[in-house]
2 protein chains.
Amino acid sequence: MLIEEVAKLSGVSRSTVSRVINNDPNVKESTRARIKEVIRKVNYRPNSVARGLASGRTRIIGLVLPTAQSSLFTDPYYPRLIQGITAVCNARDYSVMLWLTNPEQEQNKIHQLVSDSLLDGMVIASYLIDDPILEALTKAGLPFLLIGRHPTRTDLSYLDADNFQGAREAVVHLLRLGRCRVATITGPNNMIAGIDRREGYEHAFHERGMSPDPALIVEGDFSESGGYTSMMRLIPQNPDAVFVASDTMAVGALRALRESGKRIPEDVAVVGFDDIPSAAHMDPPLTTVRQSIQGMGQLAAETLIQIVNEGTAPPHRLVLPTELVIRSSSGLCMDLIGQ
Amino acid sequence: MLIEEVAKLSGVSRSTVSRVINNDPNVKESTRARIKEVIRKVNYRPNSVARGLASGRTRIIGLVLPTAQSSLFTDPYYPRLIQGITAVCNARDYSVMLWLTNPEQEQNKIHQLVSDSLLDGMVIASYLIDDPILEALTKAGLPFLLIGRHPTRTDLSYLDADNFQGAREAVVHLLRLGRCRVATITGPNNMIAGIDRREGYEHAFHERGMSPDPALIVEGDFSESGGYTSMMRLIPQNPDAVFVASDTMAVGALRALRESGKRIPEDVAVVGFDDIPSAAHMDPPLTTVRQSIQGMGQLAAETLIQIVNEGTAPPHRLVLPTELVIRSSSGLCMDLIGQ
DNA sequence: TAAAAAATTGGGACCGCTCCCAATATTAGA
DNA sequence: TCTAATATTGGGAGCGGTCCCAATTTTTTA
């Protein structure tokens, strides 16, 4: 079924049908109703490829995720992000195209996408974006949004959780509970989220005029086994608490602590980051910093769609709040005592 | 940069450039080389929307996943599937479009996609596909592939793991170890994977002239908390082993067993299904049935692309083998004794 | 009631490719 | 060396919409 046929059946020209399809107000109400009825009756749907070619807008947004990330799909992070983004896109009648790229392909792939004019915009959740690519993106005029702030460039739109504050609060919580050898397993040092959380950790010390012992800082990789390995390296330093930069790593850290005969939280208090669904069921239930990844995905999609439709405004920099969720892995908490 | 400009720079017509782009053999080698050089130099990339409109093929395949599934993204199943599919599509220069739909939207959405001619084919991993949709898909002539066999229709192409054999072997293993009250936590009864695994469980009994006690069969929902709840319901029946239809549920089941003071495997042996990455790190390490979900995704993409390019052959029915991975949650195993 | 303004509608010109068929160049056969 | 066959190439006609501008209708205004 073509627009021309719908036009014939409605007794109008294809232009008028096109107007109805695109919600152009310049159509007489009675005409619009008649056409809509025909469209409904014959179940007409405009060919989106043709629309895309003619209008220059495809209503497709691209989502680029790094596949190198070992935690890519064992950690619910990306799945949640995807869920948030697709939910909004579905509702707004946008389609989502997905690319999982490893670093070698990534540059080439993004270039390709940019010059392909298949996309109206893209969400880039990769953390290893080098400047040439950003340059290409900017020059191509393709709207894009980073998930996770860019370490240096401030002229780009991004969305991020408040990693610094979240980490800071977690560590303040541990210090307040009287822990004095608070260690941390950080994220990768080349990921901004890892860096920001470590800085939040450090800041919590500085606020009290203290400095963390460098021996208590170990880099992790956001994976479960990475958490285990890092914790094993940390144990000889006798920490009495550890802030782990992701819940998935915390799972590994808990395992390492158990195997070493440490009691949690008596010997070592543990705080994670993310509040993944299983955090509440861990042994013991994990105190953690909650971030709404799905919410971030939703906001990302909404923001990008807005940019696409309203032209590029000044860069959007959106930072979502986090929330410390206190469970038993960090020690006695008032709620429990009350019961 | 348009094809016409490339043609001008190469001193040929756009037709010849088009031939080179599409690897048409009817081009003189010297001409082809010259054009390729120009393309490289000016970094020309054909507009895929225009190609799609002109050729009727977009090189985009759709992937439809059910979002209702509570385990959607806590279980690594779908992420892995996505990873497998995108890997192959990337390599073959296809793009993947993703839809996460809930049952209410699903029907409407698929209809929309079908009549939109944006897709060359689709992979449908949803389990609640009703006949009208399948009819629409078939009638539209859009190639599609189901992940998970259809319960009744045998004329459709699908890809599935050998759920029946995998479950059967798991239960045979438990029975051979001398367990006599082998329970099971099944998948949802409306998912074919859940049904096939339960039938494998039952068959293992029948092979030995036995029948499972119906009280030892409890339906689960493939989620961690579902596994916990189901196990709690099972414990009063005094099982000495349990076959859990997914590792994620097994996590919950282990938790329930621990809380009830049961030793694993001494009191209750446990076998899962999937072999998720954390299975080897559980306490105790989980015996489970391994299936390569990523491999399934890859094969799905390859098969669909083949169907798209070579026309619809007789329906493809591909069943991938599973493998029993014996760890300690199911009891003593020879490997361990040997050490 | 006629002219002016505003609201609708129609139709040609693309969007940037592919594809078919006719035209031209090249090679082989006699 | 000339003709037939074969290999290359060119160009028109779409693919199915959108969009602009001119034409037509309807509504206002004087």
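In what follows, chains carry the letters A, B, and so on, assigned in the order in which the sequence lines appear, proteins first and then strands, with residues in each chain numbered from 1.
The side chain of A:Asn22 approaches D:dT18 more closely than any other nucleotide in the set D:dC15, C:dC19, D:dT18. Closest contact between the side chain of B:Tyr44 and the listed nucleotides D:dG16, C:dC17, C:dG10 involves C:dC17. Each of D:dC19, C:dT18, C:dG10 was ranked by its minimum atom distance to the side chain of B:Arg14; first place goes to C:dT18. Comparing atom distances between the A:Ser18 side chain and each of C:dC19, D:dT18, C:dT9 picks out D:dT18 as nearest. The side chain of B:Asn47 has C:dC17 as its nearest neighbour among C:dC17, D:dT9, D:dG16.
The backbone N or O of A:Leu100 lies less than 3.5 Å from a partner atom in the side chain of B:Asn90, making a donor-acceptor pair. One N or O on the side chain of B:Thr58 and one on the backbone of B:Leu118 form a donor-acceptor pair closer than 3.5 Å.
To the nearest angstrom, P of D:dC15 lies 15 Å from CE of A:Met1. We find that CZ of B:Arg45 is positioned 17 Å from P of C:dG16, with the value rounded to whole Å. Regarding A:Glu29, its CD atom lies at a distance of 10 Å from the P atom of C:dT9, rounded to whole Å. Atom CZ in A:Arg51 sits about 18 Å away from atom P in C:dG16, given to the nearest Å. Following rounding to the nearest Å, A:Lys28 (NZ) and C:dA6 (P) show an atom-to-atom distance of 19 Å. Straight-line distance from the CZ atom of B:Arg57 to the P atom of C:dC17: 17 Å, rounded to whole Å. The distance between atom CG of B:Leu2 and atom C1' of C:dG16, rounded to the nearest whole Å, is 6 Å. Put simply, CG on A:Leu118 is 19 Å from P on C:dC15, counting in whole angstrom units.
Closest non-hydrogen pair, A:Leu320 versus A:Leu299, comes out as CD1-CD2, 3.7 Å. Nearest heavy atoms, A:Arg92 versus A:Arg59: O-NH2, 2.9 Å.
In this model, the phosphate group of C:dC15 is not approached by any side-chain N or O of A:Ser55 to a distance below 4.0 Å at OP1 or OP2. For the OP1/OP2 pair of C:dG10 and a distance below 4.0 Å, the side-chain nitrogens and oxygens of A:Ser13 include at least one atom meeting the criterion.
Along DNA chain D, the nucleotide nearest to B:Gly11 and the one nearest to A:Val17 differ in position, and the one closer to the 5' end is contacted by B:Gly11. Nearest-nucleotide assignment on DNA chain C puts the 5′-proximal partner with B:Leu53, out of B:Arg19 and B:Leu53. Comparing A:Ile3 and B:Ser30 against DNA chain D, the residue whose closest nucleotide sits nearer the 5' end is B:Ser30.
Across all strands shown, A:Asn26 has heavy atoms under 4.0 Å from base atoms, whether or not it also approaches the sugar-phosphate. B:Ser117 comes within 4.0 angstrom of nothing in the nucleic acid, heavy atoms only. Counting any heavy atom pair closer than 4.0 Å across all strands shown, A:Val12 reaches sugar-phosphate atoms only and no base atom.
A:Arg34 has no carboxylate O lying under 4.0 Å from a charged side-chain N of A:Glu37, or vice versa, which leaves the two without a salt bridge. Under the 4.0 Å criterion applied to side-chain N and carboxylate O atoms, A:Arg32 and A:Glu29 are assigned as salt-bridge partners.
For A:Ser15 against C:dG11, a side-chain N or O and a base N or O form a donor-acceptor pair under 3.5 Å.
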